[in-house]
Each structure stands twice: as structure tokens, then as C-alpha cells.
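Report on the structure given below.
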2 protein chains.
Amino acid sequence: MKTARRKAEATNRLLARLPDLDRRRLLAKSTSVQLRTTDVLYERGKRIREVYFPTGGSISLIATLHGHDRLQVGLVGDEGMLGTSLVLGVTVSPTLALVQDCGTAWQIDAASFREELECSVALRGCLQRYVHVVMCQSAQTVACTRFHVVEARLARWLLMTRDRAHSDHFHSTHESLATILGVRRAGVTHAAGSLQQQRLIRYSRGEITVLDHHGLEASACACYVANQDTYARVMN
Amino acid sequence: MKTARRKAEATNRLLARLPDLDRRRLLAKSTSVQLRTTDVLYERGKRIREVYFPTGGSISLIATLHGHDRLQVGLVGDEGMLGTSLVLGVTVSPTLALVQDCGTAWQIDAASFREELECSVALRGCLQRYVHVVMCQSAQTVACTRFHVVEARLARWLLMTRDRAHSDHFHSTHESLATILGVRRAGVTHAAGSLQQQRLIRYSRGEITVLDHHGLEASACACYVANQDTYARVMN
DNA sequence: CGTGGTTTGTACGGTGCCCCACGAAAAAAC
DNA sequence: GTTTTTTCGTGGGGCACCGTACAAACCACG
């Protein structure tokens with residue numbers, strides 16, 4: 001089942017910041033692709049072949065430990081990009097990149113991207129600032145994962161995903177949420193059940209609806225707002 | 001009390017990678033400063049006035065949450081630099097930077113540093129790669145903090161600090177280790193006591209000595225080696 | 001030599017989450 | 001319509017770590 005999405009706003013907010021000329025030159029080398037849930041865009045330690053600028057949906061950045069422990073360390077939507085490593089001159093991905101919520105993105109091959117990076121000062125500046133945002137959010141996530149309880153972290157994730165979906169409705173099972181939050185599936189069921197009882201969300205077999213996003217913000221840890229602030233402060 | 005250190009090797013490993021000319025130009029604008037334990041070099045959200053290239057000792061990068069929860073998200077020594085944000089064109093520090101282990105560093109004011117960054121391709125390339133290393137290590141730390149027990153994380157920290165001190169002996173109380181690891185002081189006492197009983201370390205009133213670093217590696221989580229591998233892979 | 005501050009040892013009850021496991025209910029496949 | 005798969009609910013025992021608190025050991029200093 002697909003969620004209704006405002007296709008009219010199919011833009012990427014990073015690209016939107018570029019001067020018209022720079023953006024048009026970049027888009028000329030890009031193709032619009034569909035991102036489908038569970039698609040693997042990058043694998044840890046493997047070469048980055050394409051860069052993505054999502055215009056809808058969201059992609060998880062997932063850290064993998066020796067062993068089978070996994071955990072989400074970042075979430076990318078139309079406010080960001082996939083392939084920050086290339087901005088730093090590194091061609092290998094440090095994390096697994098997994099499509100969480102289906103959508104579309106501009107796709108550019110790595111070589112063309114690096115060419116554009118060379119000749120556009122605005123592109124470099126914008127993307128380097130975005131890299132900094134990712135670093136800040138990563139630091140925040142370290143502390144968040146350590147100190148905050150599952151229910152608050154789940155609420156934060158729901159809000160972040162809602163923002164990127166541009167919709168109160170999106171898809172994710174308890175199982176996949178367990179991987180994202182780095183907890184047991186049963187732990188997610190418990191936390192999600194609590195949020196549902198408070199009438200903040202409603203869900204059924206992977207279909208999640210945010211009923212009261214203000215209430216959800218109250219349940220979420222302050223990391224949600226902190227990340228938004230970081231983005232606004234650094235990018236402006 | 002000071003630890004004996006090999007002053008002969010007072011170099012920074014990032015700077016050592018630069019072509020002679022670029023390095024000399026950078027050092028011409030730098031001054032050598034002493035870093036003393038508990039010195040605050042950066043504060044969260046505040047302007048970065050100087051950049052540091054440590055040549056000894058180590059500096060903690062510490063994330064602060066709303067509330068009083070704190071946690072180390074990075075450790076910088078002569079293998080790295082302080083002020084990565086400036087490499088990305090951002091002049092504000094995302095974390096608190098606290099001197100853990102006394103030592104020396106090359107200090108450069110922000111403006112001069114940015115000038116050098118403009119005109120040296122090698123400097124940009126080297127430091128951007130280092131930024132990538134920091135991102136990788138941060139992602140690793142998110143998962144490590146979530147999944148690994150205190151004793152393993154403590155062992156990892158001891159090894160990392162030992163590398164940066166270039167000595168088996170260095171200073172840190174259980175109290176400060178508690179902040180670094182994001183646990184209670186009593187938790188550190190327990191874990192440290194266990195490591196001491198295994199004859200891997202010895203400590204007394206903040207003076208720590210690593211007795212068996214191979215044994216310590218076995219007690220530490222794989223994140224220690226993983227971070228070393230990342231550094232070697234990305235920087236070479 | 002006593003006093004005060006710092007550092008470390010330890011104990012107790014509590015909690016958040018783990019591991020394991022089973023069952024139920026809804027959707028999908030046949 | 002029956003079977004298989006996916007998703008979700010729940011329970012019991014256990015463990016790592018928490019919050020708190022108190023005491024002992026050690027060092028610095030008057």
C-alpha cells in the first residue's frame with residue numbers, strides 16, 4: 001500500500017539552496033529514480049557508485065558491528081543527501097544505506113558528481129555544511145542511544161520519519177524498528193503499544209499513522225528538536 | 001605528576017603526511033602550546049577560535065545532552081586534529097573539547113587556518129579524509145555504546161589513550177572515566193577492579209599503568225581494532 | 001600530627017531491557 | 001477455503017547498570 005504524497009513538492013532541499021545555474025548543471029547529469037523499501041543503496045566498506053538526493057521517502061544509515069548487532073545512526077530524506085563520503089574525497093561507504101520509506105531521488109554517478117563538486121563553489125559549501133550537520137547528529141545519537149529510553153527514542157524516530165514522508169502515514173514493522181533502535185522486537189511492541197494507548201499514534205501490520213504529533217514531541221526526547229535546530233543553524 | 005614522554009617524537013601524524021612546503025607554511029603560522037589536563041579548548045555551540053594539532057597527550061570530544069548527561073564521542077591525539085568543523089566551513093563547535101592527558105600541540109588561529117586550507121590542496125585532502133575517519137568512528141561509537149558492556153568499553157578507552165600517550169602510564173580518575181563512558185562512577189570502579197584483578201592494568205588515585213596491552217585487547221571490544229583499521233584504510 | 005579534600009571500595013533495592021518462547025491474528029499464497 | 005507467512009502480543013527469568021549512600025584509604029596542607 002502506498003501513502004498519498006504531495007508529488008508537487010518533489011524537490012530536494014539541499015539542491016534547492018544552490019544557485020539556479022549550479023543546480024541545473026547538476027540535474028542535467030542526474031536521473032530520477034524510484035527508491036523501494038528494503039533496497040540496499042550502499043554497503044559497509046564497499047565502493048560508492050552513485051550519489052542520491054532524495055525528493056521523497058527516507059533512507060536509513062545503519063552501523064554494523066562485528067557480530068550481528070545493528071543500529072541506525074542516521075536518517076536521510078529530502079533535507080539531505082546520500083554519499084557524504086564523496087564530498088570528503090573518500091569513495092567507500094562507512095555504513096549500510098537501506099531504503100526505509102519508498103520515494104524518489106535524483107541519482108548521479110560518482111564520477112560526474114565529483115566533477116561538479118570541483119567546479120561549483122556553492123555545491124561544495126552547501127554539502128560540506130551538510131556533512132557537518134550529519135556529524136552533529138551522529139554525536140547527538142551516541143548520547144541519545146545511551147541515555148534515553150526506548151519509548152522516547154521511538155517517538156523521536158516517528159517524528160523524523162513523518163517529516164521526511166511529508167505525511168502522517170508511513171510504513172514500518174516492529175521488526176525493522178527493532179533494528180533501527182537497536183533493541184528487541186518485543187521492546188518495540190511494548191513502546192509502540194504505550195504510544196498507541198496514549199492516542200499519539202495508530203498502527204497495524206506495519207502501517208503507522210501519527211495522530212497527534214505535538215503529543216508525540218512531548219513523548220520524544222529533546223534530541224528531535226536539537227537535530228532540527230542544528231540543521232537550521234548550520235545550513236543558514 | 002608528569003609522565004615521561006618521548007619528546008623527540010613531538011610530531012603530529014596528520015601534518016607529517018603533508019608535503020614539506022605545505023607543512024612548513026602551516027607551521028610558520030602556528031605556535032606550540034602546552035595542553036593541561038581539564039583545559040577546555042572548545043565549548044558546545046561556541047565559536048572556534050583556534051585549531052589544534054596535538055603532538056602529545058589527548059583531548060576528549062564530549063557530547064552534552066539537555067540535562068546533565070555527558071558522554072565522550074571522540075578522542076583526539078597526535079593522529080588527528082581539533083577543529084574539524086572549520087574544514088567543513090563551519091565556525092561553531094558541536095562538542096565540548098576537554099584535555100584528558102596533558103601534552104603539547106600546534107595552535108593556529110582560525111583565520112590563518114582557513115587561508116592555508118584555501119591554498120593547499122594537500123592540506124584539504126588530508127584533513128577531509130580525517131573528517132571522514134571521525135565520522136566513521138562516531139558511527140562505530142553509537143553501536144559500541146549501545147551493545148558493549150562497560151568493562152570492554154573501558155578496556156578500549158585505555159588502549160586508545162595509551163596509543164595517544166605513547167606510554168603505558170597516564171592519568172585519569174574513576175570519576176572522569178565515568179563521564180567519558182557515560183556510566184556511574186561505581187560502575188567504573190567495578191570494571192577497573194576486574195581488569196586489575198586480571199593483571200591487565202594497575203591503578204591508584206588516578207595513576208593508571210597498562211601492564212599487558214595484549215591481554216587488554218582481548219578484553220576490549222572489537223571497536224578498538226575497527227577504528228584503527230578505519231584510520232589506516234582511509235588515510236592511506 | 002591532625003584535618004580536610006580527593007579518590008576508591010562496596011552494598012542495596014530498583015529498573016529497563018535482554019533472551020527465549022509461545023500464541024494469536026491478519027494477510028497472502030495455494 | 002485451507003495453509004503458509006507475516007506481524008504483533010505477552011510472559012517468566014535474568015542481567016547489566018542505575019541511584020543512592022556510606023565508609024575507608026590516601027594525599028596535601030596547615
Side-chain angles (χ1 to χ4, degrees), chain A residues 1-2 37-38 65 67-72 100 142-158 169-198 201-209 219 221, chain B residues 1-2 37-38 65 67-71 100 142-158 169-198 201-209 219-221:
Chain A
M1 196 223 278
K2 289 283 165 56
T37 305
T38 73
L65 245 37
H68 304 87
D69 295 326
R70 285 182 167 191
L71 178 54
Q72 186 188 72
Q100 280 295 315
V142 178
C144 177
T145 305
R146 172 69 193 80
F147 292 111
H148 296 151
V149 296
V150 175
E151 187 172 326
R153 292 202 288 134
L154 173 60
R156 175 187 163 203
W157 184 90
L158 290 167
H169 185 81
F170 43 88
H171 184 95
S172 185
T173 67
H174 291 188
E175 188 69 49
S176 71
L177 278 169
T179 303
I180 288 168
L181 300 175
V183 297
R184 290 169 316 146
R185 199 262 313 154
V188 174
T189 301
H190 186 77
S194 168
L195 293 178
Q196 180 160 248
Q197 258 189 339
Q198 297 170 59
I201 63 169
R202 191 177 49 206
Y203 65 89
S204 160
R205 303 189 70 71
E207 299 302 320
I208 301 176
T209 306
S219 288
C221 50
Chain B
M1 194 223 275
K2 289 284 165 56
T37 306
T38 72
L65 244 38
H68 305 87
D69 295 326
R70 286 181 165 190
L71 178 55
Q100 280 296 313
V142 178
C144 176
T145 304
R146 172 68 191 82
F147 293 112
H148 297 150
V149 296
V150 174
E151 186 170 327
R153 292 202 289 135
L154 173 60
R156 176 188 163 201
W157 184 89
L158 291 167
H169 185 81
F170 43 88
H171 183 94
S172 186
T173 67
H174 291 189
E175 188 70 49
S176 71
L177 279 168
T179 302
I180 288 168
L181 300 175
V183 297
R184 291 171 314 150
R185 200 263 313 153
V188 174
T189 301
H190 185 77
S194 168
L195 293 177
Q196 181 161 250
Q197 256 189 343
Q198 297 170 60
I201 62 170
R202 189 177 48 206
Y203 64 89
S204 158
R205 301 188 71 72
E207 298 303 318
I208 302 176
T209 306
S219 288
C221 51

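To find a chain, count down the sequence lines: A is the first, B the second, and so on, and within it residues start at 1.
Of all heavy-atom pairs between Gly187(A) and Val150(A), the closest is O-CG1, 4.2 Å.
The base of dT6(C) lies close enough to the side chain of Arg205(B) for a donor and an acceptor atom to sit less than 3.5 Å apart. Residue side chain Arg184(A) does not reach the base of dG16(C) through any donor-acceptor N/O pair under 3.5 Å, judged by distance alone.
When each of Ile208(A), Thr209(A), Leu195(A) is checked for a side chain to side chain contact (heavy atoms under 4.5 Å, CB included) with Tyr203(A), only Ile208(A) meets the rule.
Here the CZ atom belonging to Arg153(B) is positioned 12.5 Å from the CZ atom belonging to Phe147(B), to the nearest 0.5 angstrom. Interatomic distance, Gln196(B) CD to Arg202(B) CZ, rounded to the nearest 0.5 Å: 8.5 Å. Atom OG1 in Thr189(A) sits 9.0 Å away from atom CD in Glu175(A) (nearest 0.5 Å).
One can place NE2 of His174(B) at 13 Å from C1' of dT10(C), the figure rounded to the nearest angstrom. Rounded to an integer number of Å, the gap from CG of Asp69(A) to C1' of dC17(C) is 14 Å. Here dA27(C) presents its C1' atom at 12 Å from CD of Glu207(A), a figure rounded to the nearest Å. Regarding Gln197(A), its CD atom lies at a distance of 11 Å from the P atom of dG9(D), rounded to whole Å. The NE2 atom of His190(B) sits 8 Å away from the P atom of dA16(D) (whole-angstrom rounding). Whole-Å rounding puts the His171(A) NE2 to dA27(C) C1' distance at 12 Å. Residue His148(A) contributes atom NE2, which lies 15 Å from atom C1' of dC18(D) at whole-angstrom precision. If you take CD1 of Ile201(A) and P of dC8(D), they are 11 Å apart, rounded to a whole angstrom.
Residue Arg185(A) is the one, among Arg146(A) and Arg185(A), whose nearest nucleotide of DNA chain D lies closer to the 5' end (criterion: closest heavy atom). Each of Glu175(A) and Phe147(A) was matched to the nucleotide of DNA chain D holding its nearest heavy atom; the match closer to the 5' end belongs to Glu175(A). When each of Glu151(A) and Gly206(B) is assigned the nucleotide of DNA chain C with its nearest heavy atom, Gly206(B) is the one assigned upstream, toward the 5' end.
Comparing dA16(D), dT8(C), dT20(D) by their nearest atom to the side chain of Thr189(B) picks out dT8(C).
Fit an axis to the five pairs at each end of the helix from dC1(C)-dG30(D) to dC30(C)-dG1(D) and the two axes sit 30° apart, to the nearest 10 degrees.
Note on Ala192(A): nothing from the nucleic acid sits closer than 4.0 angstrom, heavy atoms only.
For dA26(C), the OP1/OP2 oxygens have no side-chain nitrogen or oxygen of Tyr203(A) closer than 4.0 Å.
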Q: Check the pair Ile180(A) / Gln100(A) against side chain to side chain contact (heavy atoms under 4.5 Å, CB included), numbers first and verdict last.
A: CA-CA 10 Å; Ile180(A) 288 168; Gln100(A) 280 295 315; 3.3 Å; yes
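Within the 4.5 Å cutoff, the side chain of Asp69(B) has no heavy atoms near those of the Arg146(A) side chain.
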